[in-house]
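Worksheet: the structure to be examined is printed underneath.
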Amino acid sequence: MISESELLFQLGAIMLLAFIAATMARKLNQTVMIGYIIIGIFIGPKMSISLFGLTYHGLIADTTLADMLSQVGLVMLMFFVGLEFSFSKLKRTHRPAIILAIIDTSVGLFVGFIFASILRWPLIDSIFLAGVVSMSSTSIAMKVLFDLKRMSSPEVEFLIGLVVVETFIAMLILAVASGMIVDPNASAISYGRLLLGVGAFYAFFVWVAVWAVPRVVSFFEKIDNDELFILFALGIVFLTSGIASLMNVPPIIGAFFIGMVLAESKVTEKVEAKLESFKDAFVAIFFTSFGMMIDPSMFRSIYLMILLAVPLVLFYEVFMLSAITYFMGFSARASTTIGTSMCGRGVESILYASVGSRVKDATMGAQLNPFAGAFCFIMSAITPPLVKHSAKLASALTKVIPQSLKFSGAIVSRTLGKVILPSDMNSFKGARATAALLISLVFVCVGVLVGPPYVQDLLLIVGVAIVAGILLATRKELGDIVARVDYSDIGVGRADRKPILRLVSTIILGAVLASLLICYSWGSGWELAAAMAAGYAGVVIAAMVWVHRVLYVAGTDTPPKVYHMTVPVVMDEQETAVIDMPAPVYGMQAPVPPMAGPPDFAPEPGILHQGER
């Protein structure tokens, strides 16, 4: 048992050194999280330095206290994450942001699993390694854009929605992954107990959301004493987390969901104001404790992982995500801004590493933690210059991409932009049939991944039927919009629009069919899955080259019109227009100043384009 003097010494050392580390991180324009992790490595028991005959083994040998306090910090952090992601806020998010978030998360996890498979990591560890690699940082993306004075850029509206939805998805996946992992050799009874506990918790959560919280909030509002308010709020957070743990569900799920429930109430701002300092102190201990878990000697064994992971992430964020964003109707410059802004890695990745290293039967925690720390540091350092020079990057890519791909890409961008971006074509604002089929396919793909063989075969047949339904719905919906959009200013010289419809349908249907087949074949090895992804890319490129050969007429392409977009704004108490952006999950972010003029920014030419008739 830790002595009284040792307890006080550890608390004082952790907090004072964390303060020094955070101050130095701010001076270097880095997130305070990096400072906490570095100081945790330095004072942890795994640090060993010999110099001039003197040996240093860290200030803290027993991390029991730090580990316990870090769990409190983790629960508080997940509670505040839940407060930021209410269902109402998600409903207000624009459709392009939701689509981009789902695609970016899916592609990132796929790349992460490929990365883990190359390293031959076990499945349990691979899940959390994929999370570390794929989850973009909310606070880093917003901070970079603010520092570069790009908050008035029209694409930032979608980027804000993107990071909101993606962080929500990341935390939901983390909660589900940490709660559903069981021993692969467990009996049916063990699985049954797990599912029963999870079902009981979700039933409890629904009861809390529907019946308990509305009654508790009215009592909340009547508490004038700050001390009583804080005690009552903390009691709800920790009690919900404890109940989740009793039901075989990780405590972070309880904290996350109770935060989401309270986010729908009128006491959200008061809870944040009163508990934020408490949260910051314990979260600092959490990141410092995470640093203590890192063995510095392991950095020599992970440098090859870093050398492989960084180019992979840069490829799929800067190039693949930018290309997907361009296909959705954004300009090349706006697309590269969004792609480069999503390169940062921070709190979300550290959470995956921390939880993954403590999950039962995880075996690669000794490598996962130092990898996550070094990977986040490098990506957070790379992101600002990438975003700063994103316009030059877009210009450079435009010069090297073949004319056939640029022409067909402009056709796809103009077509899908009418479906996804704000448009005057009312016939495509309610494509609910396709959306419902796509959501159903997502659940089918998840079932294919985790189900036993006979269930996988059955779900594959269901998935193929859903893909056929998507084919019929998509061709019907796209046929109308292709007939009405003006393509003459980008070089389309034929009145026949069937090649355009075939190209766009190939891209959409190929993506959903490839996703289904990749999930089905994943158990046969990552090589087959990667080959299918490469095959899909080859089909798309071939279709784009064919459309260029069939439709392009030289000399008829002119610069497209510019679609003007306003930045999302709200009115504060002084009736001053301010930018409506979410608070960061954690980390340094300067406040956004009020706008001097009306909340209507004129974007630079070529930000978002929409050809209109």
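Position 1 is the first residue of the sequence, and the numbers go up from there. Only heavy atoms go into these numbers, but all of them, side chains included; no hydrogens, no water, no symmetry mates.
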Heavy atoms from other residues, nucleotides or ligands near [atom1] of [X] exceed 12 (cutoff 6.0 Å):
{"X": "K270", "atom1": "NZ", "value": "yes"}
{"X": "Y303", "atom1": "OH", "value": "no"}
{"X": "F19", "atom1": "CZ", "value": "no"}
{"X": "F115", "atom1": "CZ", "value": "yes"}
{"X": "M532", "atom1": "CE", "value": "yes"}

Test item: [X] and [Y] side chains (from C-beta on) under 4.5 Å apart, heavy atoms:
{"X": "E6", "Y": "L65", "result": "no"}
{"X": "F113", "Y": "W522", "result": "yes"}
{"X": "E166", "Y": "E348", "result": "no"}
{"X": "P122", "Y": "T363", "result": "yes"}
{"X": "L129", "Y": "Y352", "result": "no"}
{"X": "I14", "Y": "M292", "result": "yes"}
{"X": "P370", "Y": "D295", "result": "no"}
{"X": "T336", "Y": "L386", "result": "no"}

(request) Applying side chain to side chain contact (heavy atoms under 4.5 Å, CB included), run through T23 and I20 and close with a yes or a no. (result) CA-CA 5 Å; T23 303; I20 296 173; 5.8 Å; no
(message) Looking at T105 and I102, would you say the former's side chain and the latter's main chain have a donor-acceptor pair under 3.5 Å?
(response)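 Such a contact is absent between T105 side chain and I102 backbone.
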(request) Output yes when a side-chain donor or acceptor of K46 lies under 3.5 Å from a complementary backbone atom of P296, and no otherwise. (result)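 Side chain of K46 to backbone of P296, a donor-acceptor pair under 3.5 Å: no, none is there.
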(request) Report the C-alpha distance between L368 and W121 in whole Å, list the side-chain angles of each, state the deciding distance to 0.1 Å, and finish with yes or no for side chain to side chain contact (heavy atoms under 4.5 Å, CB included). (result) CA-CA 11 Å; L368 182 62; W121 278 32; 4.1 Å; yes
(message) Before you tell me yes or no, could you show the steps for S357 and F290 under side chain to side chain contact (heavy atoms under 4.5 Å, CB included), namely the whole-Å CA-CA distance, both residues' side-chain angles and the distance that decides it to 0.1 Å?
(response) CA-CA 10 Å; S357 62; F290 177 81; 5.6 Å; no
How long is the span from the [atom1] atom in [X] to the [atom2] atom in [Y], to the nearest 0.5 Å?
{"X": "C376", "Y": "F371", "atom1": "SG", "atom2": "CZ", "result": "8.5 Å"}
{"X": "T325", "Y": "L100", "atom1": "OG1", "atom2": "CG", "result": "4.5 Å"}
{"X": "D104", "Y": "L109", "atom1": "CG", "atom2": "CG", "result": "9.5 Å"}
{"X": "L74", "Y": "I285", "atom1": "CG", "atom2": "CD1", "result": "13.0 Å"}
{"X": "L83", "Y": "T268", "atom1": "CG", "atom2": "OG1", "result": "6.0 Å"}
{"X": "L231", "Y": "I236", "atom1": "CG", "atom2": "CD1", "result": "11.5 Å"}

Over all atoms of both residues, closest heavy-atom pair of [X] and [Y]:
{"X": "M47", "Y": "I41", "value": "CB-O, 3.4 Å"}
{"X": "D67", "Y": "S289", "value": "OD1-OG, 3.2 Å"}
{"X": "S241", "Y": "P251", "value": "OG-O, 3.5 Å"}
{"X": "F299", "Y": "A374", "value": "CE2-CB, 4.1 Å"}
{"X": "A25", "Y": "V32", "value": "CB-CA, 4.1 Å"}
{"X": "C343", "Y": "L314", "value": "SG-CD2, 4.0 Å"}

(message) Is the ring pair F315/F319 parallel, tilted or perpendicular, if the boundaries are 30 and 60 degrees?
(response) tilted
(message) Angle between ring planes, F278 versus F238, binned at 30° and 60°: parallel, tilted or perpendicular?
(response)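 Plane angle over 60°, so perpendicular.
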(request) Would you confirm whether the ring centroid of Y56 sits within less than 6.0 angstrom of the ring centroid of F42? (result) yes
(message) Under a 3.5 Å threshold, yes or no: a donor from one side chain and an acceptor from the other, between S380 and R345?
(response) no
(message) As a quick check of understanding, evaluate side chain to side chain contact (heavy atoms under 4.5 Å, CB included) for F257 and T240, giving each step before the final call.
(response) CA-CA 9 Å; F257 280 148; T240 307; over 6 Å; no
(request) Taking the six-membered ring of F229 (Phe, Tyr or Trp), confirm whether the NZ or CZ of K274 is under 6.0 Å from its centre and within 45° of its axis. (result)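 No; the conditions do not both hold, so K274 does not lie above the ring face of F229.
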